[in-house]
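Down below is the structure, laid out as structure tokens.
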Amino acid sequence: MAYLAFKYLVSAAMVVLVSELAKRSDKLGALLASLPLVTVLTLIWLHLERQPADKVANHAWYTFWFVLPTLPMFLLFPWLQARLGFWLALGASVLLTMLLFAAFAWLLRLAGIQLL
């Protein structure tokens, strides 16, 4: 139980660190947020918990494919926010990401890569 609490604290601290840094510097906050911190932490937790190497490797492999259809959201959101406000822009960005993910998963399936 103490280990799980430690994982929560370290993981939450990373999110707080990014949000606090973003308040002070748009560029540094974005740089830190763009790093695959959650993935790196997850790989560390899986390794420390003695998960099989193929499970750790699969996590990295699937993360790569899952990230690609999310990237357009980061370009669309600022454009939409200026026109629709924060909440509508966020909702539209999430919807676009879901649609792109579905289309991307379908295309990858044609190439023999099964995401879901």
Side-chain angles (χ1 to χ4, degrees):
M1 186 61 153
Y3 177 67
L4 184 59
F6 175 73
K7 284 172 53 175
Y8 276 121
L9 288 173
V10 170
S11 301
M14 295 305 288
V15 173
V16 172
L17 176 66
V18 170
S19 67
E20 290 300 312
L21 185 58
K23 286 184 202 177
R24 290 160 181 71
S25 170
D26 295 339
K27 291 177 183 175
L28 287 177
L31 174 64
L32 192 56
S34 71
L35 299 174
L37 298 173
V38 171
T39 300
V40 169
L41 280 174
T42 302
L43 294 173
I44 291 168
W45 300 139
L46 290 171
H47 175 74
L48 291 176
E49 294 166 2
R50 302 198 191 295
Q51 293 297 311
D54 63 328
K55 186 170 201 66
V56 177
N58 282 341
H59 180 78
W61 166 261
Y62 286 114
T63 298
F64 171 80
W65 293 111
F66 286 135
V67 163
L68 291 176
T70 69
L71 294 177
M73 181 200 81
F74 296 106
L75 295 175
L76 180 66
F77 176 77
W79 185 82
L80 286 176
Q81 184 183 17
R83 288 154 182 79
L84 303 175
F86 177 81
W87 294 110
L88 284 175
L90 187 61
S93 297
V94 168
L95 181 61
L96 171 73
T97 299
M98 292 169 39
L99 294 172
L100 286 173
F101 180 79
F104 191 66
W106 178 78
L107 284 172
L108 286 180
R109 185 177 297 134
L110 295 177
I113 299 171
Q114 187 76 24
L115 289 183
L116 299 174

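In this chain, numbering begins with 1 at the start of the sequence shown.
Hydrophobic clustering (ILVMFWY, side-chain heavy atoms < 4.5 Å, transitive): Tyr62 and Leu107 are in distinct clusters. When the side chains of ILVMFWY residues are joined at heavy-atom separations under 4.5 Å, either directly or via intervening members, Phe77 and Val67 end up in two distinct hydrophobic clusters. Val38 and Leu71 are assigned to two separate hydrophobic clusters, defined by single-linkage of ILVMFWY side chains at heavy-atom distances under 4.5 Å. No single ILVMFWY cluster, assembled from side-chain heavy atoms under 4.5 Å apart, contains both Leu32 and Val16.
Residue Leu99 belongs to a hydrophobic cluster whose other members are Leu95, with links defined by side-chain heavy atoms closer than 4.5 Å. Taking a 4.5 Å side-chain heavy-atom cut-off between Ile, Leu, Val, Met, Phe, Trp and Tyr, the cluster of Trp79 extends to Leu76, Leu80, Leu84, Leu88, Leu96, Leu100. In this structure, Leu46 belongs to a hydrophobic cluster whose other members, linked by side-chain heavy atoms under 4.5 Å apart, are Leu43, Val56.
A distance of 5.5 Å separates CE of Met73 from OG1 of Thr97, quoted to the nearest 0.5 Å. Atoms CE and OG, from Met98 and Ser93 in turn, are 12.5 Å apart once rounded to the nearest 0.5 Å. One finds the CG atom of Asn58 at 10.0 Å from the OG1 atom of Thr63 (value rounded to the nearest 0.5 Å). Distance CD1/Ile113 to CH2/Trp65: 4.0 Å, rounded to 0.5 Å.
Sorted by first and then second residue, the pairs that involve residues 97-116 and meet ring pair (Phe, Tyr, Trp, His ring centres under 6.0 Å), not counting sequence neighbours, are Phe66-Phe101.
The two residues Leu75 and Pro78 have their closest heavy-atom pair at O-CD, 3.4 Å.
With a 6.0 Å radius and a threshold of 12 heavy atoms from other residues, nucleotides or ligands, Asp54 has its CG atom above the threshold.
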Donor-acceptor pairs under 3.5 Å, side chain of residues 1-11 to any protein atom, not counting sequence neighbours: which ones?
residue: Tyr3; atom: OH; partner: Glu49; partner atom: OE2; Å: 3.4
residue: Lys7; atom: NZ; partner: Glu49; partner atom: OE2; Å: 2.6
residue: Ser11; atom: OG; partner: Lys7; partner atom: O; Å: 2.8

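Contact of the His59 side chain with the Thr39 side chain is registered, since non-hydrogen atoms from C-beta on lie closer than 4.5 Å.
Listed by chain and residue number, nothing satisfies the ring-ring contact (aromatic ring centres under 6.0 Å, His included) test with Phe64 (two or more places apart in sequence, or in another chain).
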